[in-house]
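Okay, so here's the structure we're looking at.
Start at 1 and go down the list; that is how both ligands and their atoms are numbered. The chain is numbered in sequence order, starting from 1. For the numbers below, each heavy atom of this structure counts, side chains included, while hydrogens, waters and symmetry mates do not.
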Amino acid sequence: MTIQSEVQPVDLSGAEHIELVERYGAHNYHPLPIVIASGEGVWVEDLDGNRYLDMLAAYSAVNFGHCNPDLVAVASEQLRRVTLTSRAFHNDQIGPFCRELAQLCRMEVVLPMNTGAEGVETAIKTARKWGYTVKGVPADQAKIICCRDNFHGRTTTVISFSTDSQCRDGFGPFTPGFEVIPFGDVAALEQAIDDNTVAFLVEPIQGEGGIIVPPAGYLRDARAVCKDRNVLFIADEIQSGLGRTGRTFACEEDGVHPDIFILGKALGGGIMPISAVVSTREILGVFKPGDHGSTFGGNPLACAVARKVIEMLKTDTFQSNARTLGAYFFEQLRAIGSKRIKEIRGRGLWVGIELHESAGPARDYCQQLLLNGILSKETHDRVIRLAPPLTITRDELDWALERLKRVLG
Ligand code: PXG
């Protein structure tokens with residue numbers, strides 16, 4: 001891996017970089033002590049040339065590997081053509097992007113934004129406006145149902161329906177219009193729906209909640225309830241989607257096609273932030289010029305990269321690798337048989353290892369894995385999360401398993 005000298009002169013040590021962030025950066029994160037200087041495929045390198053296998057993949061934004069050559073080629077070419085036009089004008093990437101993403105999702109219309117949280121905000125606005133203009137909900141009475149232990153982002157509206165106190169404490173007042181029910185409970189959904197309910201917003205598998213897979217058939221039944229009661233089923237596939245679980249969308253496992261997909265993270269190939277709300281003409285048709293937008297949304301650089309991502313997903317190569325190697329990974333992890341492990345759960349190449357309380361905090365294990373050349377990240381106190389790029393090979397997975405056995409065994 002070569003570092004281009006135009007990028008930046010690297011004249012600081014790792015410790016000095018960390019000190020800079022400590023001193024000049026807000027303390028809204030607590031990163032593990034590694035300073036990444038380059039990345040290629042599933043590997044990253046620190047300033048001293050130590051290599052690590054990245055088993056976090058930027059929370060699934062790097063599903064196709066670091067600096068994926070096909071994506072870098074497209075991005076480089078687009079960088080030299082045009083990068084940002086704003087939506088005041090058309091550009092020659094957004095139309096093809098919208099068509100290709102709509103087709104991938106078996107939908108009709110795409111609304112591009114940038115971050116995941118913006119995608120969620122956009123879906124909320126879509127559902128509310130649909131409620132008022134199509135369903136006939138009285139003004140300002142729309143209700144959206146969400147699940148306990150959800151994670152949909154960090155904006156003030158999105159944290160309004162978070163059940164994680166740290167996400168909310170000190171950030172009120174909150175946006176009204178949300179009701180929280182238990183995840184995995186269809187009866188609770190049926191009960192919560194009233195005449196003013198416009199949508200049910202759900203992660204097919206809860207990521208930040210701890211890689212929580214709902215009971216089989218839950219999504220299918222919830223989807224049927226929504227259809228029956230004229231409530232939009234919104235699937236937040238920002239983390240679960242685009243190959244991670246072995247399918248293009250995690251919803252597919254239950255044979256579910258939602259009313260609205262929210263996509264993000266991997267859609268930008270780990271190169272550009274791009275998110276999207278994808279739905280039908282009836283639903284996204286509620287927007288009129290000036291209702292909603294974003295300076296960077298639909299920019300040609302992000303759209304060009306996302307188009308390549310969509311093309312790559314159409315080959316099923318990444319989903320298929322996630323299915324095959326995911327099955328192998330789960331089998332090998334379960335074979336470790338450690339007394340520290342309470343449960344191993346997930347799907348495809350998305351694994352949560354929940355530890356017993358007596359095993360100590362998950363972060364300590366992530367630290368140990370780091371010393372053994374593996375990047376991972378805890379979620380909550382007890383769950384080690386593993387989500388390598390979907391380009392990982394069996395040899396690389398075996399390399400990781402050897403170290404996971406060492407640390408967890
Ligand atoms: N929905 C889901 C299911 C997510 O996992 C978001 C929405 C928000 O996406 P943005 O792009 O706004 O972060 C997520 C994000 C972090 C962090 O550092 C975020 C996520 C996972 C881990 C860490 O804020 N997921």
Inspect the contact between K143 and E179 and indicate whether a charged nitrogen and a carboxylate oxygen are less than 4.0 angstrom apart. yes

Among G153, G241, G116, whose heavy atom sits nearest atom 9 (O) of ligand 1? G116

Going by the order shown, which atoms of ligand 1 are within less than 4.0 Å of some heavy atom of D236? 1 (N), 2 (C), 3 (C), 7 (C)

Answer with yes or no whether the side chains of T155 and E121 bring together a donor and an acceptor at under 3.5 Å. yes

Mark up the atoms of ligand 1 that fall under 4.0 Å of a heavy atom belonging to R154, in ascending order. 24 (O)

For residues N114 and S294, is any side-chain donor paired with an opposing acceptor at under 3.5 Å? yes

Show which atoms of ligand 1 fall inside a sub-4.0 Å distance from at least one heavy-atom site of E208. 21 (C), 22 (C)

Could you tell me whether the side chains of R168 and S162 share a donor-acceptor contact shorter than 3.5 Å? no

Any salt bridge linking R385 with E208? Criterion: basic side-chain nitrogen under 4.0 Å from a carboxylate oxygen. yes

Counting only heavy atoms on the protein side, is anything nearer than 4.0 Å to atom 13 (O) of ligand 1? no

Which of the atoms of ligand 1 are close to A117, meaning less than 4.0 Å from one of its heavy atoms? 8 (C), 9 (O), 10 (P), 12 (O)

Could you tell me whether D70 and K308 have a side-chain N and a carboxylate O separated by less than 4.0 Å? no

If you count the atoms of ligand 1 from 1 in the order shown, which ones are under 4.0 Å from a heavy atom of Y29? 16 (C), 18 (O), 24 (O)

Under a 4.0 Å threshold between the charged nitrogen and the carboxylate oxygen, would R81 count as salt-bridged to D92? yes

To the nearest 0.1 Å, how far is atom 5 (O) of ligand 1 from its closest protein heavy atom, and which atom is that? Q239 NE2, 2.8 Å

Out of E203, K377, K265, the nearest non-hydrogen contact to atom 15 (C) of ligand 1 is supplied by K265

